[in-house]
Amino acid sequence: MRSGSRLRIKIHKEKENMSENQKFQLGTIGALSLSVVSSVSIVICNKALISTLGFNFATTLTSWHLLVTFCSLHVALWMKSFEHKPFDARAVMGFGILNGISIGLLNLNLGFNSVGFYQMTKLAIIPCTVLLETLFFRKKFSRNIQLSLAILLLGVGIATVTDLQLNVLGSILSLLAVFTTCVAQIMTNTIQKKFKVSSTQLLYQSCPYQAITLFIIGPFLDGLLTNQNVFAFKYTPQVLFFIVLSCLISVSVNFSTFLVIGKTSPVTYQVLGHLKTCLVLAFGYVLLHDPFSWHNILGILIAVVGMVLYSYYFTVESQQQKTSEVSAQLPQVK
């Protein structure tokens with residue numbers, strides 16, 4: 001009788017875990033899809049705003065994005081769409097300020113380097129994240145995962161890197177940008193798990209610090225990079241329309257970023273980022289008739305192979321890990 005009841009308990013728990021895994025996978029697919037759609041949309045919107053209308057104040061625009069995101073989440077909280085869960089105030093403040101600084105450094109990196117070198121620094125984020133997680137969190141990456149990441153980076157490199165012009169200041173800024181971005185994305189994942197907060201709760205509490213940081217440094221950085229004053233810019237109805245549209249799309253971008261990193265990992269989020277880069281290149285060619293060459297096509301195809309391999313190995317290894325964890329928790333049947 002005892003063995004029979006244990007068997008029933010084991011079967012019941014296995015069914016529960018299968019249901020939870022299915023819900024988790026659906027949630028992850030939804031988060032990834034939302035991230036891709038919203039990110040590609042905001043790139044196209046911002047390209048029209050910056051390239052066509054001449055609004056070149058990227059850092060200040062990002063501070064407005066975060067302010068609108070915070071206001072949207074505050075309304076959602078008022079409507080009781082999620083629960084406010086305060087936790088370590090110093091951790092939230094440090095995390096928010098670091099995120100703001102990393103965004104500023106990425107914009108400076110682009111401003112003081114060639115586009116090709118900027119793309120190279122974006123490629124460096126994945127190996128840097130893998131290195132930091134291996135050294136400080138004892139996280140292990142299988143050879144299959146490492147191989148798929150290498151293929152992905154090779155493909156994106158072929159597709160996006162054109163020229164490599166180096167300078168001392170630009171190189172220092174790129175190193176700082178890569179390091180702060182890696183740390184901020186690792187913190188996004190670890191804070192959610194350590195304090196058991198959702199992506200929405202973390203974004204709501206950190207948004208004000210990110211927005212204030214960028215609102216303070218934004219006009220200065222934009223002025224340094226463009227020799228223009230954001231407050232003296234001529235805001236036509238068309239410019240205001242695209243600014244509002246960009247801010248509204250950014251709510252989805254910011255939310256999906258925290259959601260994806262929380263549900264998967266910082267490395268997976270970077271892989272997704274390179275998928276978005278390839279999609280933006282393709283959309284630019286199809287919709288905006290941007291110049292396209294054989295190495296763009298070859299690079300995108302290689303990158304897609306790397307993404308497919310990474311997705312396959314990541315899914316298989318995640319399922320194996322969950323199965324082993326479930327088996328360890330279940331009572332042994334005698």
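When all heavy atoms of Val260 and Ser35 are compared, the closest pair comes out as CG2-CB, 3.9 Å. The heavy-atom pair separating Ser246 from Asn46 by the smallest distance is OG-OD1, 2.7 Å. For Phe258 against Gln210, the heavy-atom pair with the smallest separation is CZ-NE2, 3.9 Å. For Phe195 against Lys85, the heavy-atom pair with the smallest separation is O-NZ, 3.4 Å. Taking each heavy atom of Val230 and Pro219 in turn, the nearest pair found is CG1-CB, 4.1 Å. Of all heavy-atom pairs between Ser38 and Ser252, the closest is CB-OG, 3.3 Å.
Within a 6.0 Å radius of CZ in Phe87, other residues, nucleotides and ligands contribute more than 12 heavy atoms. With a 6.0 Å radius and a threshold of 12 heavy atoms from other residues, nucleotides or ligands, Phe215 has its CZ atom at or below the threshold. Shown here is Phe82, whose CZ atom has more than 12 heavy atoms of other residues, nucleotides or ligands within 6.0 Å. Around the CD atom of Gln228, the shell of radius 6.0 Å holds more than 12 heavy atoms that belong to other residues, nucleotides or ligands. Heavy-atom contacts from other residues, nucleotides or ligands closer than 6.0 Å to CZ of Phe220 number 12 or fewer.
Residues Val92 and Tyr209 have side chains in contact (heavy-atom distance under 4.5 Å, counting atoms from C-beta outward). Side-chain atoms of Asn113 and Ser174, non-hydrogen and from C-beta on, do get closer than 4.5 Å to each other. For the pair Ile302 and Leu298, the minimum side-chain heavy-atom distance is below 4.5 Å. For the pair Val253/His65, no side-chain contact is recorded, criterion being any heavy-atom separation below 4.5 Å from C-beta on. Contact of the Thr59 side chain with the Ser63 side chain is not registered, since no non-hydrogen atoms from C-beta on lie closer than 4.5 Å. Put simply, the side chain of Asn99 reaches to within 4.5 Å of the side chain of Phe95, judged on heavy atoms. For the pair Leu32/Val36, no side-chain contact is recorded, criterion being any heavy-atom separation below 4.5 Å from C-beta on. Inter-residue side-chain proximity for His274 and Leu123 is flagged as met; some heavy-atom pair is nearer than 4.5 Å.
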Test side-chain contact (heavy atoms from CB on, under 4.5 Å) applied to Met187 and Leu98, step by step: CA-CA 10 Å; Met187 283 181 69; Leu98 179 65; 3.7 Å; yes

From CA spacing to verdict: side-chain contact (heavy atoms from CB on, under 4.5 Å), Ile212, Ile97: CA-CA 8 Å; Ile212 290 169; Ile97 293 172; over 6 Å; no

Side chain to side chain donor-acceptor pair (under 3.5 Å) assessment of Asn254 paired with Thr69: CA-CA 7 Å; Asn254 290 324; Thr69 299; 2.9 Å; yes

Test side-chain contact (heavy atoms from CB on, under 4.5 Å) applied to Val267 and Phe141, step by step: CA-CA 10 Å; Val267 172; Phe141 295 86; 4.0 Å; yes

Full working for side-chain contact (heavy atoms from CB on, under 4.5 Å) between Ile172 and Leu176: CA-CA 6 Å; Ile172 293 170; Leu176 291 172; 4.2 Å; yes

Verdict with reasoning, Phe55 to Phe57, per ring pair (Phe, Tyr, Trp, His ring centres under 6.0 Å): CA-CA 6 Å; Phe55 187 85; Phe57 311 102; 5.1 Å; yes

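The hydrophobic clustering, which links ILVMFWY residues whose side-chain heavy atoms are closer than 4.5 Å, places Ile101 and Leu66 together. A chain of hydrophobic side-chain contacts below 4.5 Å, direct or via other Ile, Leu, Val, Met, Phe, Trp or Tyr residues, connects Ile191 to Phe137. Under a hydrophobic clustering in which Ile, Leu, Val, Met, Phe, Trp and Tyr are joined whenever their side-chain heavy atoms come within less than 4.5 Å, directly or via other members, Ile126 and Val178 fall into different clusters. Note on Val244: it does not cluster hydrophobically with Val43, by side-chain heavy-atom contacts below 4.5 Å among ILVMFWY residues. If you chain together hydrophobic residues whose side chains sit under 4.5 Å apart, Leu106 and Leu61 never meet in one group.
Separation of atoms OG1 (Thr60) and CD1 (Ile216) is listed at 12.0 Å; rounding is to 0.5 Å. For the atom pair Ser250 OG and Leu67 CG, the distance stands at 9.5 Å (nearest 0.5 Å). In this structure, CG on Leu221 lies 6.5 Å from CG on Leu225, to the nearest 0.5 angstrom. The CD atom of Gln185 sits 6.5 Å away from the CD1 atom of Ile125 when rounded to the nearest 0.5 Å. The distance from the CG atom of Leu272 to the OG atom of Ser33 is 9.0 Å, given to the nearest 0.5 Å. Atom CE of Met93 sits about 10.5 Å away from atom CG of Asp88, to the nearest 0.5 Å.
The backbone N or O of Ala177 sits less than 3.5 Å from a side-chain atom of Thr180, completing a donor-acceptor pair. With hydrogens and angles ignored, the 3.5 Å screen pairs a side-chain donor or acceptor of Gln192 with a backbone N or O of Thr188.
Residue Tyr310 forms a side chain to side chain contact (heavy atoms under 4.5 Å, CB included) with just one option from Leu152, Thr268, Asn144, and that option is Thr268.
Taking the six-membered ring where the residue is Trp, Trp64 and Tyr235 present tilted rings, their angle falling between 30° and 60°.
Aromatic pair Tyr312/Phe314: ring centres not closer than 6.0 Å.
Under 3.5 Å, the side chains of Tyr204 and His74 contain a donor-acceptor pair of N or O atoms. Side chain to side chain, Glu317 and Ser142 meet the donor-acceptor criterion of an N or O pair below 3.5 Å. With hydrogens and angles left out, the side-chain atoms of Asn56 and Thr226 include no donor and acceptor closer than 3.5 Å.
In this structure Lys139 satisfies the salt bridge (Lys or Arg N to Asp or Glu O under 4.0 Å) test together with Glu133, sequence neighbours excluded.
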